[in-house]
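A short worksheet on the structure shown next.
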Protein chains: 2
Amino acid sequence: MVGRPQNDQARQTILRRAADIASQDGLEGLSIGRLATDLGLSKSGLFGYFGSKEELQLATIRTATAIFLDEVVKPALAAPPGLSRLRLLLDNWLSYSERRVFAGGCFFASANAEFDARPGRVRDALTTAARDWNRLLTETTHEARARGELPAETDPDQLAFELVAFLQAANAASLLHDDPTAYHRARTAAHARLPTP
Amino acid sequence: MVGRPQNDQARQTILRRAADIASQDGLEGLSIGRLATDLGLSKSGLFGYFGSKEELQLATIRTATAIFLDEVVKPALAAPPGLSRLRLLLDNWLSYSERRVFAGGCFFASANAEFDARPGRVRDALTTAARDWNRLLTETTHEARARGELPAETDPDQLAFELVAFLQAANAASLLHDDPTAYHRARTAAHARLPTP
DNA sequence: CCTACCGATCGGTAGG
DNA sequence: CCTACCGATCGGTAGG
C-alpha cells in the first residue's frame with residue numbers, strides 16, 4: 001500500500017467543492033455529473049474516486065467534519081477547559097456560520113435536516129458528528145461548573161441544550177431571512193446565560 | 001366560475017400526502033411519479049391538478065400552513081392575548097412536533113433548511129410563513145409585557161427569538177437522535193424564561 | 001483518467 | 001382522468 005498524494009489532493013479539492021454544494025442544495029442534490037462538470041472532470045472520472053454516490057456523501061461529511069474541527073473546535077482547545085473554552089466554542093461557531101465557511105451556511109444544519117428522517121449510513125454518520133459536537137459542548141459546560149465558573153445550581157446538560165439552540169436558530173434565521181441581526185441575538189442570549197467575563 | 005368540490009377533496013388528499021412525504025424526503029424529493037403511484041393515480045392525472053412541480057410544492061406549503069394553523073395557532077387564540085396565549089403557542093408547537101403531525105417532524109423545519117439557500121418562489125413562500133409565525137410569537141410576547149405579565153425589563157423580540165430556538169432545537173434533536181427528552185428540555189427552558197404560572 | 005453507453009426516473013406533453 | 005411518449009438527467013458500468 002502506497003500513498004497517492006496527487007490523488008489525495010484532487011480528492012480534497014473535489015470534496016471541498018462537494019461540501020459547498022451540499023450545504024446549498026443538499027447531499028442528495030449533490031449530483032456526480034454536476035460536480036464533475038463544475039470541476040472540469042468527466043463524470044466517470046470523478047465517480048472512480050468514490051465508487052458510489054453514498055461513498056461520495058460519506059466522504060463529503062468527513063471533509064466537512066475536518067473543516068468544522070479546524071474552524072470551530074481546535075482554536076477553542078487552546079483555552080483551558082471550562083468557561084473560557086466554552087465561550088470560544090460558541091463564538092467560533094457563530095463566526096463559522098456568519099462567515100459562510102460553507103456557501104449555504106452550516107453544512108451540518110442542512111445535512112441533518114435533510115437526513116434526520118431517512119435511515120441509512122449517511123444519517124448515522126451525521127448523527128455521530130452531531131453527538132460528538134453536543135458532547136464536547138456538554139462536557140465543557142460540566143468542566144466550567146466543576147471549576148466554579150458557573151453557579152452550582154446550573155444543570156450543564158440543560159444549559160448546553162439551550163446554547164446549541166441559540167446557535168442553530170441564528171444560522172437558520174440568517175439564511176432564511178437574510179437577517180444578520182440573528183447572530184447578535186444569539187450572542188446576547190448566550191452571554192445572558194453565562195457569568196459576565 | 002363554479003367550484004369543483006370533488007376535485008378539491010381529491011386535491012386535499014393529494015396535498016396532505018405530499019406534505020408528509022416532503023417532511024421526510026424534502027420538497028425536491030417529492031416527485032410527481034412517486035406521489036401518483038402512492039395514491040393510485042397516473043402521473044399525468046396527478047400532474048393535471050397542479051401544472052408544474054413548483055405549483056405542487058407551493059400548494060403543499062399552503063396545505064401544511066393550514067394544518068399548522070389548525071394544530072398550533074387556532075387553539076391558542078382561544079386564550080386572551082398575553083402570557084397565557086404565549087404558553088399555549090409554545091405547548092401546542094411542541095405537541096405538534098412530538099405527535100408527528102407530519103411524518104418527518106415539523107414540515108417547515110425540513111422545508112426551510114432545504115430552501116434557505118435557493119432563491120425562488122418556494123423559498124419566498126416559506127420565508128413568508130416563517131415570518132408570520134415569528135411575528136405572531138413576537139407580538140404575543142409584546143402583549144404579555146404590556147399587560148404586566150412579564151418583567152418590564154424584558155426585551156420581547158429577544159425573548160421570542162430564544163423561545164423559537166428552543167422549539168426548533170427540540171424538533172431537530174428528537175428527529176436526529178431519536179431523543180424524546182429533547183421536548184422536556186425545551187419545556188424546561190421555556191418555563192424558566194417565563195414567570196411561574 | 002477518458003468516451004460511450006446502460007436502465008431508471010425525472011418533469012412535462014400529446015392526444016384522447 | 002388515462003396511455004404513450006418526449007428529452008434530460010440520474011447513478012453506475014464497459015472497455016480502454
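Please read these numbers as outputs of a predicted model, since none were measured by experiment.
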* Within the structure shown, what part of the strands sits under 4.0 Å from Leu46(A) by heavy-atom distance: base, sugar-phosphate, or nothing? -> nothing
* Asked: Ser52(A) side chain to Glu55(A) main-chain N or O, any donor-acceptor pair under 3.5 Å?
  ->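 Yes: the side chain of Ser52(A) pairs with the backbone of Glu55(A).
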* State whether the side chain of Arg123(B) and the backbone N or O of Leu176(A) hold a donor-acceptor pair below 3.5 Å, judged by distance alone. =>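 Yes.
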* To do: Look at the rings of Phe166(B) and Phe166(A) and say which category their plane angle falls in: under 30° parallel, 30 to 60° tilted, over 60° perpendicular.
  =>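 Ring orientation of Phe166(B) relative to Phe166(A): tilted.
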* To do: Can you label the angle between the Phe107(B) ring and the Phe102(B) ring as parallel, tilted or perpendicular, going by 30° and 60°?
  => tilted
* To do: Write down the distance between OH (Tyr49(A)) and C1' (dT13(D)), rounded to a whole number of angstrom.
  => 19 Å
* Structure fact -> 5' to 3', nucleotides 6-12 of chain D under a 4.0 Å protein heavy-atom cut-off (B base, S sugar-phosphate only, - none) gives ----SBB
* Could you tell me whether the side chain of Thr188(A) reaches within less than 4.5 Å of the side chain of Phe161(B), counting heavy atoms only? =>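 No, too far: nothing below the 4.5 Å cut-off.
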* Asked: Does any nucleotide pair with dG16(C) by Watson-Crick or G-U wobble geometry, both distances under 3.5 Å, and what is it?
  ->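 Partner of dG16(C): dC1(D).
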